[in-house]
Amino acid sequence: MTHQDSQFMMRAIELARTSVETSSGGPFGCVIVKDGEIIGEGNNRVTSTSDPTAHAEIIAIRDACARLGSFQLDGCIIYTSCEPCPMCLSAIYWARPEAVFYAGTREDAAAAGFDDQYIYDEIALENELRRMRMQTLLRGEARNVFKLWVDKEDKTRY
């Protein structure tokens with residue numbers, strides 16, 4: 001890790017601290033860097049926005065993608081104050097950055113009351129074994145829409 005990496009991580013941690021001090025959300029912060037410059041920032045805003053998806057990484061990804069005018073983070077590095085939760089990790093994979101650095105671990109988050117282990121456990125289960133009822137409904141109609149997508153010649157692939 002370079003001195004510059006440490007500086008970017010300190011900014012992510014500073015955003016996490018600000019989130020706690022301003023009561024905007026939980027103790028999480030994130031910055032996204034491209035070519036040595038911060039192009040996206042976010043702090044947890046779940047409680048202040050009543051949005052369960054307003055995690056620091058999600059906010060930072062939205063910010064960076066808007067600034068880049070792209071739905072992918074090619075050539076970007078994510079610095080986040082804590083190991084990403086399953087939702088954020090999925091969003092990070094969809095955004096396709098070059099790398100992710102994190103400070104705290106999922107165990108550190110769990111010790112502070114942010115335990116996502118049950119989600120990791122649920123993802124590994126077959127749908128019929130999950131706590132939340134999941135059932136297929138109108139699959140044929142949905143498949144028709146997928147066929148429209150497959151046949152569409154001018155689509156933007158991602």
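- Side chain of Asp63 to backbone of Ala60: no donor-acceptor contact under 3.5 angstrom is found.
- Atom CZ of Arg17 has 12 or fewer neighbouring heavy atoms from other residues, nucleotides or ligands inside a 6.0 Å radius.
- In the hydrophobic clustering of this structure, Ile77 groups with Met1; members are Ile, Leu, Val, Met, Phe, Trp, Tyr whose side-chain heavy atoms approach within less than 4.5 Å, directly or through other members.
- Between Asp115 and Gln117, the closest heavy-atom pair is OD1-N, 3.0 Å.
- One finds the CG atom of Leu68 at 3.5 Å from the CD1 atom of Ile39 (value rounded to the nearest 0.5 Å).
- Atom OH of Tyr79 sits about 8.0 Å away from atom CE of Met9, to the nearest 0.5 Å.
- Within 6.0 Å of OH on Tyr120 lie more than 12 heavy atoms contributed by other residues, nucleotides or ligands.
- Aromatic ring centroids of Phe114 and Phe28 lie under 6.0 Å apart.
- From Glu41, atom CD reaches atom CZ of Phe8 across 10.5 Å, with rounding to the nearest 0.5 Å.
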- Dump the intermediate steps for side chain to side chain contact (heavy atoms under 4.5 Å, CB included) on Thr2 and Gln4, then the final yes or no. CA-CA 5 Å; Thr2 69; Gln4 193 174 34; 3.8 Å; yes
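- Residue Ile78 holds its CD1 atom at 8.0 Å from CD of Glu57, rounded to the nearest 0.5 Å.
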- Take Arg62 and Thr53 through the test side chain to side chain contact (heavy atoms under 4.5 Å, CB included) and record every step on the way to the result. CA-CA 12 Å; Arg62 290 174 181 162; Thr53 69; 3.7 Å; yes
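- By the criterion of side-chain heavy atoms lying less than 4.5 angstrom apart, applied directly or through intervening Ile, Leu, Val, Met, Phe, Trp or Tyr residues, Ile123 is grouped together with Tyr118 in one hydrophobic cluster.
- In this structure, the side chain of Arg106 does not engage the main chain of Cys85 through any donor-acceptor pair within 3.5 Å.
- Hydrophobic clustering of Ile, Leu, Val, Met, Phe, Trp and Tyr side chains at less than 4.5 Å, counting indirect connections, keeps Phe146 apart from Tyr158.
- Ile58 and Ile92 fall into different hydrophobic clusters, where Ile, Leu, Val, Met, Phe, Trp and Tyr residues are linked whenever their side-chain heavy atoms come under 4.5 Å apart, directly or through other members.
- Counting all heavy atoms, side chain and backbone alike, Asp116 lies closest to Pro86 at CB-CD, 3.9 Å.
- Other residues, nucleotides and ligands contribute more than 12 heavy atoms inside 6.0 Å of the CD atom of Glu128.
- In terms of heavy atoms, Ser48 sits closest to Ser24 at OG-O, 2.7 Å.
- When every heavy atom of Gly29 is checked against every heavy atom of Ala16, the shortest pair comes out as N-CB, 3.5 Å.
- Looking at Ser19, its side chain does come within 3.5 Å of a backbone N or O of Gly26 through a donor-acceptor pair.
- Minimum interatomic distance between Gln72 and Cys65 (heavy atoms only, all atoms of both residues): N-SG, 4.3 Å.
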- Task: Go through Glu14 and Arg11 one step at a time and tell me if the side chain to side chain contact (heavy atoms under 4.5 Å, CB included) criterion holds.
- Result: CA-CA 5 Å; Glu14 179 184 314; Arg11 176 64 183 151; 2.5 Å; yes
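- Cluster membership check: Val31 shares its hydrophobic cluster with Phe101, using side-chain heavy-atom separations under 4.5 Å among Ile, Leu, Val, Met, Phe, Trp and Tyr.
- To the nearest 0.5 Å, the span separating NZ on Lys34 from CG on Leu73 amounts to 8.5 Å.
- Here SG of Cys82 is found 10.5 Å from CD1 of Ile13. Values are rounded to the nearest 0.5 Å.
- Around the NZ atom of Lys155, the shell of radius 6.0 Å holds more than 12 heavy atoms that belong to other residues, nucleotides or ligands.
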- Residue pair Asn43, Thr18: steps toward the side-chain hydrogen bond (donor to acceptor under 3.5 Å, both in side chains) verdict: CA-CA 8 Å; Asn43 65 289; Thr18 299; over 6 Å; no
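- Ile38 and Arg67 get closest at one heavy-atom pair: O-NH1, 4.1 Å.
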